[in-house]
Each structure stands twice: as C-alpha cells, then as structure tokens.
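In each ligand, atom 1 is the first atom listed, and ligand 1 is the first ligand listed.
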Amino acid sequence: MIKIDNLEVHFRNEMTSTVQQVLKGISFDLNEGDALAILGESGSGKSTLGRVLVGLLKPTAGQYFFMDKQPYKNKADRKFLSENISIVFQDYNTSVNPRFTVGEIIGESLNVLKKRTKTNINIKHNICKLLNDVGLDETYYDRFPHQLSGGQLQRVCIARAVAINPKIILFDEPISSLDASTQVQIMDLLKDLREKYNLTYIFITHDLTSVTYFCNKVIFLYEGKITEAINVKDIHKTKDNYAKRLLDSILEV
Ligand SMILES: Nc1ncnc2c1ncn2[C@@H]1O[C@H](COP(=O)(O)OP(=O)(O)OP(=O)(O)O)[C@@H](O)[C@H]1O
C-alpha cells in the first residue's frame, strides 16, 4: 500500500545557513490491514515522517509510493492520496473550528465525500451514524467543541477522519493529551473501527504500551533513522537499545 525508499528530509535554517537532516535514508513498506506504529523519542522525526506520508511535506530525496502512485511527482496522485488518507492529531482543540458544531465538523468531511463520489449521501443520517460509531449519540449534533470533554472531542475528530471513507488513517499521538482511562477507551474504539471499516493504521507515538495494544508492526526512529523494524509479537526479541530501554521501563512499572 505504501512503499518508502531511501527517504530524506532536510530543513534549511536561513538564519544560520545550516542544514538539519531530520530524516535519513528511511525505507519501509506498509501493507493493507497493517497497523504500523512509528515510535521514537521527542525530536526523532516522527511527525516529520507523518507529514510526508499524508502529502504535506515533500521529501528532500527518496521515493514515496502510495498504492503505486507517486504523490510528490504528480498532482493527480497527490489528490488521490488526500482522498484516501485521513489524519487525527494530538491536539483536538486546535484541529477543529471552535465556531462549528459537531454536526458541521463531521458534515464538512461528508460534503467532500459527496462531491468526490457524486453520490446522494444523506449527510444528517450519516453524521448520526458516525457519531454512534465513535460512541456518541445524536444529542452531540448541535454542540460546540467547548461543550465537550477532551475524549469526546477526540471522538468527533475520529468520526471526521472516518467520514471521508479513507483507506488509511494516520494518528499523530492521538491519546497523549487524554487521561489514562480515556486513553484506554479511545484505543478500544480505534481497535473496533479498524475492524469495522477494514482500515490500515499508522500510529505515531512515544508510548510503547499503546503500540502493543493494537499495532502489528513497529518502526523505531532514532535521530531520523530507523534503528529497528519489527513485528510487535517479536518485540521482546528486539536488539535495538532504545526499544530495550522502553521495554525495561514498562516492565519496571
Ligand atoms: N518545518 C521545520 N523547519 C525546521 N525544522 C523542523 C521543522 N519541522 C521539524 N523540524 C525539526 O525536525 C526535528 C524532528 O521534529 P519532529 O516534530 O518530526 O519530531 P518528533 O519525533 O515528532 O518529536 P515530538 O515527539 O516532540 O513531536 C526537530 O529537531 C524539529 O525541530
């Protein structure tokens, strides 16, 4: 589904005229149905890689194939990518328009889908269905973001991401700002949605526990390089120092 080959991202600092290599020689494959975790400490390049994957940042070098298309080489391929990948960010507060109601937030995505597929989608009915899918109900339809808890608003963002009928959803630290019990509820929800809609996930995180919850593959990033790519079921066999440290920290708790 996704193939990344020798990807590089460099940022140029105009003030100092220096170049920072943020991603270095990244290569991996993502297959349909995978739930891939990209794990690394702060500054390792996870979000930068995520931005490349969703079509927001053109890599400095290397190849990116999305379903055999090349989004950074061809405008039509870029459009195809944006129609088939959704993003859920950590900061649910800034990722929604505070003046929009829940119905309008989700409805916006459905309108995009309606226009693209030229089908007669019943927007209101579908919003209510999506609300139910994410564990909310019709009473949330007319509420504004400030009238929701963090967990409820993240559920709305997840509904909006599912609404465009994507093949892949990329989650950038989607549960980091939530309390522990809400984190578990959202992870259960993501697990259910993945099965229900046959979705492929990319899950950016620095939390190994959430990785083991529903991901089948994990990539460890350290200073912009992949230090280990391993199946989650084999994670205890990892030779990667960073992964070992994380595993030890969990076992000590
Ligand atoms: N647009 C940009 N211009 C210049 N440098 C950038 C830009 N975006 C990211 N960086 C730098 O790239 C490096 C990696 O950042 P990135 O946000 O990808 O890391 P991360 O692993 O997602 O970190 P965190 O877990 O803290 O979000 C950092 O040193 C950051 O300062």
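The six-membered or imidazole ring of F203 lies near that of F214, with a centre-to-centre distance under 6.0 Å.
At least one side-chain heavy atom of I164 sits less than 4.5 Å from a side-chain heavy atom of R116.
The residues lining ligand 1, counting any heavy atom closer than 4.0 Å, are F11, Q20, V22, E41, S42, G43, S44, G45, K46, S47, T48, R51.
For the pair R143 and Y140, the distance from NZ or CZ to the six-membered ring centre is under 6.0 Å and the angle to the ring normal is within 45 degrees.
Ring geometry for F66 against Y64 counts as perpendicular: the plane angle is over 60°, on a 0 to 90° scale with 30° as the lower cut.
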Begin from the C-alpha positions of R194 and T200 and carry the test side-chain contact (heavy atoms from CB on, under 4.5 Å) through to its verdict. CA-CA 7 Å; R194 186 170 159 236; T200 300; over 6 Å; no
Kindly indicate, with the supporting measurements, whether the criterion side-chain hydrogen bond (donor to acceptor under 3.5 Å, both in side chains) is fulfilled by D34 and N216. CA-CA 6 Å; D34 273 347; N216 63 323; 3.0 Å; yes
